[in-house]
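Below, each value reflects all heavy atoms present in this structure, side chains not excepted, and no hydrogens, waters or symmetry copies. This one's a predicted model, so the numbers in the text were calculated from it and none came from an experiment. Order of the sequence lines fixes the chain letters, A, B, ..., with proteins taken first and strands second; residue numbering starts at 1 for each chain.
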Amino acid sequence: MLKIGHYEFRSRLLLGTGKFPNFEIQKQAVDISESQILTFAVRRMNIFEASQPNFLSMLDVSQFTLLPNTAGAKTAEEAVRIARLAKASGLCDMIKVEVIGDERTLLPDPVETLRASEMLLAEGFIVLPYTSDDVLLAKRLQDLGVHAIMPGASPIGTGQGIVNPLNLSFIIEQATVPVIVDAGIGAPSDAALAMEMGADGVLLNTAVSGAKDPVKMALAMKLAIEAGRAGFEAGRIPKKRYASASSPMEGFSRV
Amino acid sequence: MKLHINGQTVDVPDMVTTVTELLVHFELQGKMLVVEHNQTILQKEEHAQTELAEGHRIEIVHFVGGG
């Protein structure tokens, strides 16, 4: 079970809800992924188009834990405001702190992320900060009392996979709260690797929504994360330089 | 009465006097949304008694797809 704050989840796949080709495909992808946590962004409503469909209205929201993000925020204050707006919906008390510091790389601003996390913890939110893969930042966030650490595997939407596995392994080793690898996952093997390394979960979006067949990719990610987790729990063999035979030499039949 | 809604100046009929009535006017009642009135975020229970006047700033937000 994945425990975050007062929540418990069977699924270790957190799914984003952006950029799907249409709501029908998105619904099928969500269903097959068996994700229990879905991320959302908070945006202005088009008040002149009341009938505009909204993905949330297609879901039985009681079946999911909503994880709104603070995307768009560039300062801690902006992130806190978005988090408060999200909470006022009455649908959630979790928040993904996302304070972007650079337009091109969409890398998070560590100082603002730390400040926002501190302010939101004081207000009683379940706080999940999206961070760079910096070990000390992860420690500082943990010391504040965040409920999970979400280091990026590589920049958002790049699909480059885990570009710094060493740093990620350091973060996982020292973690006292769940580590959710967030952003940059491209292939199921990336997600599986994160889980094999001991991550507690994976948050992805574009890898599924941008796949040729998003529904099949959602299934592939679910299976990869389950396989990676099982592999981690099973404990892989150490790597050795030279071969060791699987079949015994004893009893070998000769002419 | 002119209100600033989501960054736009919008003319609403004078019969609209509360946030609840504003949502009804735009046929948004019952939708999953959050209203901020003059920079104060409202709980749903506060919609009915939050009165509107000329020049008030309203933000109406909801959840959209995002990662």
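Heavy atoms closer than 4.5 Å to chain B are found in the side chain of A:Leu66, but not in its backbone. If you measure heavy-atom distances from A:Lys87 to chain B, you find no contacts under 4.5 Å at all. If you measure heavy-atom distances from B:Ile41 to chain A, the contacts under 4.5 Å come from the side chain alone. Of the atoms belonging to B:Val10, it is side-chain heavy atoms, and not backbone ones, that fall under 4.5 Å from chain A. No part of A:Leu14 comes within reach of chain B, as not one of its non-hydrogen atoms sits under 4.5 angstrom from that chain. B:Glu27 touches chain A through backbone and side chain together, each having a heavy atom under 4.5 Å away. The contact between A:Ala86 and chain B is made by backbone and side chain atoms together, counting heavy-atom distances below 4.5 Å. With a 4.5 Å cut-off on non-hydrogen atoms, B:Gln8 touches chain A through its side chain but not through its backbone. Using a 4.5 Å cut-off between heavy atoms, A:Ala88 touches chain B through backbone and side chain atoms alike.
Within a 6.0 Å radius of NZ in B:Lys44, more than 12 heavy atoms belonging to other residues, nucleotides or ligands are found. Summarising the local packing, CD of A:Glu78 is surrounded by more than 12 heavy atoms from other residues, nucleotides or ligands at distances under 6.0 Å.
Looking at A:Arg44 and B:Glu36, no side-chain N of the basic residue comes within less than 4.0 Å of a carboxylate O on the acidic one, giving no salt bridge. A salt bridge does not link A:Glu77 with A:Arg81: every distance from a Lys NZ or Arg NE/NH1/NH2 to an Asp or Glu carboxylate oxygen is 4.0 Å or more.
Contact tally against chain B (heavy-atom pairs below 4.5 Å) for A:Asn205, A:Asn69, A:Val42, A:Ile47: the top residue is A:Ile47.
Classified by interplanar angle (parallel below 30°, tilted 30° to 60°, perpendicular above 60°), the ring pair A:Phe40/B:Phe63 is tilted.
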